[in-house]
Each structure stands twice: as C-alpha cells, then as structure tokens.
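One structure below.
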Protein chains: 2
Amino acid sequence: MILDAGGQLMAQGGYARFSAREVAKRIGYSVGTVVNLFNGVDGLVVAINSATFRQWTGFLESHLHGADGPDRIVRLVDGYFGFARDNLNRWAAIYEHRLPPDVPMPSLLADARSALTTVVAREVAAVLPGTPAPAVASLTRSLIATVHGHCVFALNGSFAVLGENDPLALAVGRVTESLRANGAVL
Amino acid sequence: MILDAGGQLMAQGGYARFSAREVAKRIGYSVGTVVNLFNGVDGLVVAINSATFRQWTGFLESHLHGADGPDRIVRLVDGYFGFARDNLNRWAAIYEHRLPPDVPMPSLLADARSALTTVVAREVAAVLPGTPAPAVASLTRSLIATVHGHCVFALNGSFAVLGENDPLALAVGRVTESLRANGAVL
DNA sequence: ACAGAAATTAGACGATGTTCAATTTATAAA
DNA sequence: TTTATAAATTGAACATCGTCTAATTTCTGT
C-alpha cells in the first residue's frame, strides 16, 4: 500500500512535493507508521526509487523485444529516453534524492541500478565481439553516462534553452561514434 | 550580503539543507526581507546558481589559459570536472533545484548557462575548422551533455557503485572519439 | 479467555516557506 | 530643519514538513 501510494504521489508531484504525510493520508494511516516502517522518509524514497529502477529495466527489456543486430543499440537509447519522458517525475526522483553524505547507498538501490546496467552491458558486448570483459564494462558505464547526460538536459530544459530540439538523435550519434571507435560495425 | 551568505550556506550544506531562514539569520535580517527581495526562496536559489554558473565559466577560462592545440580540449573536460569536484554542493545545486513546471527559466539563469556554452563552442570550433556553425553548436551541446553525464555519475557515487574509478578518463575518451568522428585531428 | 508481542496512533517538537499589516528608516522637497 | 512621501524591514501568524515517543489498539498463540 505504502509503495503504491508513494509511487503515485511521486509520479504526480515529483520529488519536490513528495511528502510522507501525504502518503499516510492517502492510505488512511498515520505518519508514524509510514515513516517508521522505512526508517524515515529517506528509506521510503529509496524504496520507491528502487522500484522505479526495476520498472525501468523491465521497460528496456520489452523495448528491445523483437529487434536484432545494431538496431538494438538504437532501441536501447530510445528506451532510456522513452521511460524517462513517460515517467518524468519518478525518473527524476532517482537523481534528485540525495541521502546524507555519510550513509552508504542502500544495497536495495545499488542492486536495482546494477540490474539495469547489466542489460546495457549485454547489448554493448553483443556489438563488440572479442572485446575483453573489463573493457566492455567500462565502455558500458561510459555510454550510460553519455546517454544519461543527454537525457537530463533534454528533460530539464537545458537543451531547449540552448536551442537544441533533437536530443535523442544527438545521444544516438555519440553512442554510435564511440561504439565504432571501439571496434563495432554498425 | 544575501548572495554571499546564501552561496556560503549552499556550499556548506548543499541544496538539501539550504534555508532562507538560515541565510537571514546569518546576515542579521528577517526572513521576509530575504525572501521578498528575490520573490521567494526559488528566486534566491536561482540567483545563487546563476552566480555559480558565472564562476564556473571564469574557472574554465583560467583553466584554459596557456594551453594550445588539442590540449585545450582535455583542459576543458578537466576544468568541467574540476570545478564540480571542488564546488560539489554549489555545482550540484544547479541541477537539484527545479522550479515549478509552469514557470519559465529566468533569463538570469539562461544567460549564465549560455555564457558557459559559448566558451565550449569556441574550443570545439577551433578543432573543427571548416565545420558549419550550426553543426558546431549542435555538437557542442552534445559534448557538454556527454561530459555532464560523466560528471554526475562520478560525483553522486553512481560510477563508484558500478566499480568505475576513472570517470575523467572515460569522459575525455568519449569526447575525443566524437570529435575525431566529426573531423577533428587530435 | 488471556497474556505477550506487534502494529499503530496521537500528539508534541522544531524547522521550513509564505504572507502581510505594521513599523522603522531613508529620501527629497519646502 | 521640518515634513511628507517612498522604501525598506520587521514581526507574527499560518500551514506544512519529518522526527520522535509514550500510549494505545490490534493481532497471535497458548
């Protein structure tokens, strides 16, 4: 109940308007219950963001379904953008939420993130046969960062204010160039 | 006074702990004064972030001083990372702060952002002689997004949790690859 | 039916941003 | 210098937030 209502509230108002009290009100419980169950509002947000990560991974997989060859890379980038655009507030919450600098990243969140990375790494490896695994892993992380940067600027208005109107094409372009530079034939 | 104290508070506690009341307390004024002068706490944050942008631009320029040739590109990427690392909280505040979805980006902030972009565009154009201006502008925006993505992941722990320990090298690698793919000789 | 454990609550607490009538301070004219 | 007008500043009230804890309700198993 809490995760459902919390996810909906996050989707509606974004992280800025998220409130444990509002979640409690929506499910008819008191604030204390909601907050104690997750060790504070931070824990609740972490749980919601982890769920978002898992949905994102599933979305990517289904977006890849049926494609083959180099087209899968385009689908991958397109899926990253698509999920973020269609779930703007929940997607943004993943990166807007920062827990206190001393507490380590909960494994719930780290694992969810790793799962998404694994999907991308699999696709990168597929277009780079014969490339050593560590190099594939490193390039994967870098390409995710590349696409993420484009996605952030596309969705927070940075690209718009700079006059850019096709961020997805830019991201696909950079990813393609880097894959080719590292030996892929696309 | 307000901007000075506000910038210091942002640097110390980050956006999460930023408070107009604390700013007022530090300069010995009341909350109302601080907030009314900037049309709410959002306006104050916008002013602080714009100042950060301008400092960032200045830092980049001074970081480029004395370098020439393709080395300037490396300096550019290194400067982007360096400022973010050395001014983590104030840098992060630029991207953590989101104003309500209906209000447009204040020109104060948009102009500061454009100024930084202009510096990068100048350097990109220098290594791509003969490239049409619109193509340079587009590639510039894309490369900034690329570096930004790497910077975000480096500083928010995403790279660390994925086992990556040299984000700067990755960013330089991607930028170099894309510049070469677009005709630069580096 | 009952006792112990678990879940849940109510309420107080300190802090936040917003708002606005009231007050103080600065400015310029007489 | 006095005065009147404008500007700056305040103080307090308000609604909301996350956190905490003692008290209460509900569940569970004997």
Side-chain angles (χ1 to χ4, degrees), chain A residues 1-51 89-90 92-106 108-109, chain B residues 1-51 89-90 92-106 108-109:
Chain A
M1 287 167 57
I2 296 178
L3 284 179
D4 280 354
Q8 285 183 27
L9 177 58
M10 191 66 88
Q12 291 165 5
Y15 177 68
R17 293 194 215 283
F18 185 82
S19 147
R21 280 191 131 96
E22 176 63 24
V23 173
K25 189 184 304 180
R26 292 187 177 199
I27 63 176
Y29 275 66
S30 76
V31 205
T33 302
V34 170
V35 139
N36 292 337
L37 259 172
F38 289 88
N39 280 325
V41 72
D42 275 338
L44 174 53
V45 174
V46 164
I48 292 172
N49 286 348
S50 299
N89 282 333
R90 274 162 56 228
I94 291 177
Y95 302 101
E96 287 174 34
H97 180 239
R98 287 174 72 190
L99 13 76
D102 51 339
V103 319
M105 185 176 308
L108 182 69
L109 191 57
Chain B
M1 286 168 58
I2 296 177
L3 284 179
D4 280 354
Q8 285 183 27
L9 177 58
M10 191 67 88
Q12 290 166 5
Y15 178 67
R17 292 195 215 283
F18 185 82
S19 147
R21 280 191 130 96
E22 176 64 22
V23 173
K25 189 184 302 178
R26 291 188 178 199
I27 62 176
Y29 276 64
S30 76
V31 206
T33 303
V34 170
V35 139
N36 291 337
L37 258 172
F38 289 89
N39 279 327
V41 72
D42 274 338
L44 175 53
V45 175
V46 164
I48 292 172
N49 287 348
S50 299
N89 281 334
R90 274 161 59 228
I94 290 177
Y95 302 101
E96 287 174 35
H97 180 240
R98 287 173 71 191
L99 13 76
D102 50 340
V103 318
M105 185 176 308
L108 182 69
L109 191 56

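Lettering follows sequence order; numbering is per chain, from 1. The shown structure was predicted, so the numbers you read here are calculated from the model rather than taken from an experiment.
Here A:R98 pairs with B:E96 under the salt bridge (charged side-chain N to carboxylate O under 4.0 Å, His left out) rule; sequence neighbours left out. Scanning for side-chain contact (heavy atoms from CB on, under 4.5 Å) contacts around B:S30 gives B:T33, with sequence neighbours left out. Every residue meeting the ring pair (Phe, Tyr, Trp, His ring centres under 6.0 Å) condition with B:Y15, not counting sequence neighbours, appears here in chain and number order: B:H97.
A 4.5 Å side-chain heavy-atom check between B:V103 and B:D42 finds every atom pair outside the cut-off. Within the 4.5 Å cutoff, no side-chain heavy atoms of A:V35 are placed close to those of A:L44. A 4.5 Å side-chain heavy-atom check between B:F18 and B:V41 finds at least one atom pair inside the cut-off.
Across every non-hydrogen atom of A:A5 and A:I27, the tightest pair is CB-CG2, 3.5 Å. When all heavy atoms of A:R90 and A:G7 are compared, the closest pair comes out as CD-O, 3.5 Å. Of all heavy-atom pairs spanning B:P106 and B:L99, the tightest one is CD-CD2, 3.8 Å. When all heavy atoms are compared, the tightest approach of B:R17 to B:G13 is CB-O, 3.5 Å.
Listed by residue number, A:G28, A:Y29, A:S30, A:G32, A:T33 are the residues of residues 24-41 of chain A with a heavy-atom contact under 4.0 Å to DNA chain C. Annotation: proximity of residues 92-100 of chain A to DNA chain D (heavy atom, distance under 4.0 Å) is found for no residue. Residues of residues 5-18 of chain B that place a heavy atom closer than 4.0 Å to DNA chain D do not occur.
Pairs engaging residues 3-14 of chain A under the side chain to side chain donor-acceptor pair (under 3.5 Å) rule: A:Q12-A:R26 [sequence neighbours left out]. Counting only residues at least two apart or on different chains, no ring pair (Phe, Tyr, Trp, His ring centres under 6.0 Å) pair has a member in residues 19-42 of chain A.
Considering CG of A:L37 and CG of A:L3, their distance stands at 9.5 Å, rounded to 0.5 Å. Rounding to the nearest 0.5 Å gives a distance of 13.0 Å between CG of B:L9 and CD1 of B:I2.
Between B:S19 and C:dA15, a side-chain N or O to OP1/OP2 separation shorter than 4.0 Å is absent.
Of the listed residues (A:V45, A:I48, A:N49), just one forms a side-chain contact (heavy atoms from CB on, under 4.5 Å) with A:I94, and that residue is A:N49.
The bend of the helix from C:dA1-D:dT30 to C:dA30-D:dT1, defined by the angle between the axes of its first five and last five pairs, stands at 10° to the nearest 10°.
For DNA chain D, the span of nucleotides reached by chain B at under 4.0 Å from its heavy atoms goes, 5' to 3', from D:dT9 to D:dA13.
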